[in-house]
Amino acid sequence: MFVRNRWVIGNWKMNGTLASNAALLESLSAPKPSVEAQSARLAVCVPAPYLNQTQRALGGTGVLWGAQDLSEHRSGAFTGEVSAAMLKEFGASIVLVGHSERRQYNAESSEDVAAKAAAAFDAGLTPIICVGETLLDREAGVAESTVAAQLAPCAALIQRAGAALVFAYEPVWAIGTGRTATPEQAQAMHAFVRSELASIAPNARDASILYGGSVKAANARELFGQSDIDGGLIGGASLVAADFIAICGSL
Ligand code: PGA
């Protein structure tokens, strides 16, 4: 039987200092037998200037790392951008694409997100493709169609990469708000995302789909226990070592 990969990924967002990162990374590098026993994948997505520090701290520990964004281009006159190949040089395995904060503050379209995801995949990185509806969408009854429209430009990539991709369903109204989707709400959307993926490419049904939005140590176990939830993308709680480790232990 195919077993989907289970993940807990920390998204540090634009937080950290060399000193505070050192303490956080040190506690992540200690062995976590309960998690290793389940062959789960743990990772952190750090601001680009901290990739070197993260590589030094986590190299050889089994904890993976990556970035929060990348350029869709390979190289060239794109001032301020960071390429997939540069991330690879710092040992990154994953990269977030299409986080709602980038869609909102950087006007990233779903087409941009698909191009970035393809650039990451082609360079050997696993893109973590983020989707999710706003509160307005949910109240208007268009949560599913919004998420389907966000996935649609990724169809060509989904057809060639299938289960090698990772998705994160993050309802915008639950990010950083303390308001989590109920396990039932999250499960319903995850089941929807999985059926959309399967309709694009049958083997994409086995892609990992993570939940994100105010995941805490107190609610992680119940969320991760839902049949279509394969772990979590953790913002605020990933900055507190004890909280993040407790969430990892809930996989
Ligand atoms: P949060 O953020 O856990 O702080 O809600 C999640 C995210 O933005 O990935």
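Remember, it's 1-based here, ligands and their atoms both numbered in the order they're listed.
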Asker: Other members of the hydrophobic cluster containing V240, with the 4.5 Å side-chain heavy-atom rule, please.
Answerer: none
Asker: List the atom of A217, the atom of A246, and the distance in Å for their closest heavy-atom pair.
Answerer: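 So the minimum-distance heavy-atom pair works out to CB-CB, 3.8 Å.
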Asker: I need the atoms of ligand 1 closer than 4.0 Å to a non-hydrogen atom of I175, numbered in the order shown.
Answerer: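 This gives 2 (O), 5 (O), 8 (O) as the contact atoms.
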Asker: Looking at A174, which atoms of ligand 1 are within less than 4.0 Å of one of its heavy atoms?
Answerer: 5 (O)
Asker: Where is the nearest protein heavy atom to atom 3 (O) of ligand 1: which residue, which atom, and how far?
Answerer: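 The protein heavy atom lying closest is G235 N, 2.9 Å.
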Asker: Between K116 and D69, is the closest basic N to carboxylate O distance under 4.0 Å?
Answerer: yes
Asker: Going by the atom numbers of ligand 1, which of them fall below 4.0 Å from some non-hydrogen atom of G213?
Answerer: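 Counting atoms of ligand 1 from 1, those under 4.0 Å from G213 are 5 (O).
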Asker: How far apart are the closest heavy atoms of F121 and L165, and which atoms are they?
Answerer: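 So the two residues come closest at CD1-CD2, 4.3 Å.
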Asker: Using a strict 4.0 Å threshold on nitrogen-to-oxygen distance, state whether R102 and E108 make a salt bridge.
Answerer: yes
Asker: With a cut-off of 4.0 Å, which atoms of ligand 1 are near a heavy atom of G176?
Answerer: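 Reading through ligand 1 atom by atom, the close ones are 1 (P), 4 (O), 5 (O).
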Asker: Flag the pair D230 and R194 as a salt bridge only when some basic side-chain nitrogen lies within less than 4.0 angstrom of an acidic carboxylate oxygen.
Answerer: yes
Asker: Which residue and atom name correspond to the protein heavy atom nearest atom 9 (O) of ligand 1, and how close is it?
Answerer: E170 OE2, 2.6 Å
Asker: Which atoms of ligand 1 have any heavy atom of G236 under 4.0 Å away?
Answerer: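 In order of number, 1 (P), 3 (O), 4 (O).
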Asker: Between ligand 1 and G212, is the shortest N or O to N or O distance under 3.5 Å?
Answerer: no
Asker: Could you tell me whether R160 and D122 have a side-chain N and a carboxylate O separated by less than 4.0 Å?
Answerer: yes
Asker: Looking only at distance, does I234 have an N or O less than 3.5 Å from an N or O of ligand 1?
Answerer: no
Asker: Which atoms of ligand 1 sit under 4.0 Å from any heavy atom of H99?
Answerer: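 With H99 as reference, the close atoms of ligand 1 come out as 7 (C), 8 (O), 9 (O).
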Asker: How far apart are the closest heavy atoms of A57 and L25, and which atoms are they?
Answerer: CB-CB, 3.7 Å
Asker: Near K13, which atoms of ligand 1 are under 4.0 Å from a heavy atom of that residue?
Answerer: 2 (O), 7 (C), 8 (O)
